[in-house]
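Every heavy atom of this structure was used, including side-chain atoms; hydrogens, water molecules and symmetry mates were not. First the proteins, then the strands, lettered A, B, ... as listed; each starts at 1.
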Amino acid sequence: MSTPLNHRPHSLNDSPFTFCPGCSHGIIVQLVTSVIDEMGIGGDTVCVGCVGCGGYLPWFMNTDTICSLHGRAPANATGIKRIQPDKVVFTYQGDGDLASIGTAEIVHAAHRGEKITTIFVNNTTYGMTGGQMAPTTLVGQKTTTSPYGRDAAHCGKPIRVCEMLSAIDGAAFLERVAVDSPANVRKAKKAIRRAFECQLQGKGFALVEVLAACPTNWGMTPVEAVGRIRSEMIPYYPLGNFRDFE
Amino acid sequence: MAKVLMKGNEAMAEAAIQAGCQAFFGYPITPQSEIPEYFSRELPPRGGLFLQAESEMAAMNMVMGASAAGGRVMTSTSGPGFCLKLEALAAMTLTRLPAVIVVVMRSGPAFGTMKAAQEDYRMCGNGGYRVVTMAPSDVQEAAAMVYEAFDIADQYRNPVVILADGMIGQMMGSVDFDRMPPRRENLPAKDWALRGSDSRGGKAQAILFPVGTAHYIEKNIAETELYPALIANETRVESIGVEDADIVLAAYGTASRMCRAAMETLKGELKLGLIRPKTLWPFPYEAFEAVNPKCKAIICPEINIMGQMIDDVKIAAAGRWPVSHVGDSRTDFLTPDAIVEKVRQVWKEVNA
Amino acid sequence: MFRNTIIVAGSGGQGALRVGQMIAYAAINEGNEATWLPSYGAEMRGGTANCSVVISDEEIPFAMVSQPGCCIVMNNASLAKFQAAIQPGGTLILDSSMVDAPVERTDLRVVRVPADVIAEEEGNSRGANMVLLGAYVAACGGISMDAVCQNIDHSFTGSKAKYAESNKRLARRGYELVASQGN
């Protein structure tokens with residue numbers, strides 16, 4: 001029985017979201033908290049926030065929650081999970097946090113097969129600091145620190161996190177989804193649920209990469225931004241499952 | 001348990017386990033590596049968790065998470081790793097999470113050498129926060145301080161740093177685990193720990209980096225309540241013969257042991273006193289009020305080149321006595337003989 | 001009151017650090033105080049190994065020994081490094097089967113022990129350090145042979161237990177050699 005998206009999940013508190021209009025974080029947070037509600041695990045869940053726009057999440061959660069330092073959410077989550085192995089621990093991280101400053105932490109959490117769930121929001125930019133280039137910024141994409149467009153010869157091509165982590169044995173579940181259409185939102189929710197089930201079954205590390213829109217920093221209307229997920233992001237970041245468990 | 005001979009690093013690890021340390025997260029770095037090695041060997045069979053992290057930063061952030069989950073936890077490092085841990089240390093003071101951090105200092109700055117030194121005095125509380133910083137001078141005291149540090153951290157919900165050095169870590173000395181400080185009673189329950197809202201009848205718990213007004217209130221509580229309480233209750237010092245001293249030495253840790261050797265050499269030649277801060281923060285300024293008003297000088301031996309603790313000694317001296325530094329960057333460069341020479345030189349100068 | 005300050009020096013693998021530890025353990029087990037301080041870090045890989053040991057019946061002010069009352073030397077390089085530092089009239093214990101350089105100091109009590117040869121005779125080629133340990137007890141005291149032997153039993157356990165008896169014999173031979181010289 002699925003919760004309608006217009007219902008406010010119990011795992012959220014009453015604080016209104018502070019995300020920009022058209023930002024995908026609102027949808028993704030709804031999906032994550034709906035899954036937590038549906039699985040009935042809210043009372044045993046610890047949410048680990050990040051630094052960046054995703055770092056607002058702890059303020060909205062009606063579960064136990066902690067802010068982590070920039071990039072260190074998987075290390076915080078490791079400490080929590082190792083002390084409280086029967087709790088459900090998840091991190092919620094953006095692309096600057098996870099794929100740039102926190103690369104070591106995410107790789108090693110996956111490598112250890114840490115029994116945590118990571119929701120990785122990829123919107124190809126640093127949102128909170130004002131639209132700078134991220135490791136996931138597409139080639140040619142203009143940002144405030146790549147004003148002439150990302151030059152692969154100068155700063156490399158965008159990191160594909162799911163592909164990178166699929167080289168690691170400890171990663172038990174890896175899937176890339178997008179929130180650009182109702183059909184894809186439903187797929188995203190399924191993947192998020194599977195990523196929590198992975199943890200509950202003790203299979204190992206689970207990560208869902210969500211391709212997301214940042215209309216404010218992309219300089220687009222919300223509708224245009226959703227279109228860009230489809231036209232530019234998905235061709236470079238193919239959707240699908242990269243690792244699953246029995 | 002009778003007196004045994006142990007390496008300082010191992011004695012600190014054993015004391016932590018006896019104090020109920022549940023988990024250790026660390027990273028190899030000389031001269032503290034015997035600490036993670038000891039935990040990896042001893043903690044799992046005694047019901048605890050050892051995890052070698054991928055980096056100094058990750059280790060400290062694992063400590064933060066484990067503390068947030070209510071664990072009694074610890075990490076250890078040396079100067080180059082301590083720099084990398086400071087961000088999380090600061091975060092733990094802001095979120096009021098207890099833990100014990102052992103720093104076994106070596107020569108710096110930066111990579112430096114593996115030799116014992118006292119280079120990290122100023123790293124224990126920069127950037128608008130304070131942590132109780134305990135400075136052992138031998139193996140017994142190193143164990144005792146680690147043992148007590150867990151209780152201090154839990155009582156005040158603030159991290160505690162043990163600032164040891166490579167000599168204390170690497171040397172073997174006698175330690176008697178029957179002589180540990182008494183366990184503190186009535187420590188506050190960790191009702192803030194993240195154990196899921198079901199553990200609190202459905203009430204969710206958030207450990208947030210306070211922002212805006214909330215941040216101001218947290219900072220205010222720390223500065224008006226926590227820090228004064230720590231200063232009032234946890235300041236420790238050992239003073240020897242300062243009331244009638246001609247010259248007073250002020251030193252901590254291994255440098256204070258060098259002072260003891262220098263005092264032996266100079267016995268009968270002139271009256272030397274010693275002020276040995278056992279806590280570097282809170283610094284025992286009051287101890288200097290007992291110094292002989294006719295004392296001619298204060299000398300501050302430190303195992304570093306320019307002097308670090310000397311700033312606090314100057315504040316304590318408040319212009320009443322000239323304060324000078326003697327030091328070098330390694331324990332084999334600064335010696336008791338160098339302190340003896342410095343004392344004789346200063347004594348000549350003040351009597352000229 | 002007594003306080004013995006000792007440096008034990010040799011090349012890596014000769015067991016210099018172990019001799020120092022055995023002296024310190026024996027002192028602690030007899031109710032006295034002891035400190036042991038090794039050279040460590042990058043230096044450990046360089047081939048030389050030495051340690052400072054202090055044993056006393058009172059609190060020990062400082063663990064690092066710069067002017068030892070007794071120096072146990074296991075190779076020529078260590079003799080060159082520490083000879084000048086020994087206290088006037090101090091004791092120099094040499095493994096004479098390994099050290100052939102001349103002792104330049106004339107004020108020292110020099111105790112020559114063919115430790116390697118004795119160890120070979122006992123068929124325990126790695127036990128030369130135990131001979132020097134026994135020689136130290138006879139030359140400088142502060143610990144008893146009983147405490148040393150108890151410690152050998154305690155230290156050589158498991159897969160190394162088979163060396164305990166041989167090591168005790170070697171320590172006794174070192175002790176008796178020096179004691180019989182009337183040193």
What part of [X] is in contact with chain A, defined as an atom under 4.5 angstrom from a non-hydrogen atom: side chain, backbone, both or neither?
{"X": "A59(B)", "value": "neither"}
{"X": "F25(B)", "value": "side chain"}
{"X": "V63(B)", "value": "neither"}
{"X": "A91(B)", "value": "side chain"}
{"X": "A88(B)", "value": "both"}

Given D64(A), which partner from the list R195(B), Q205(B), K203(B), R200(B) fulfils the side chain to side chain donor-acceptor pair (under 3.5 Å) test? R200(B)
Within 6.0 angstrom of Y56(A) OH, more than 12 heavy atoms from elsewhere: no
Has D86(A) got more than 12 heavy atoms of other residues, nucleotides or ligands less than 6.0 Å from its CG? yes
Applying the side chain to side chain contact (heavy atoms under 4.5 Å, CB included) criterion to L194(B), which one of N76(A), I66(A), T65(A), T45(A) satisfies it? I66(A)
Where G42(A) and S197(B) come nearest, the two heavy atoms and their spacing: O-OG, 3.8 Å
Please determine, among L69(A), V48(A), V46(A), the option with the most heavy-atom pairs under 4.5 Å with chain B. L69(A)
Reported OG-to-CG distance for the pair S68(A) and N61(B), which is rounded to 0.5 angstrom: 7.5 Å
Distance col, row M62(B):CE vs E105(A):CD, nearest 0.5 angstrom, shows 8.0 Å
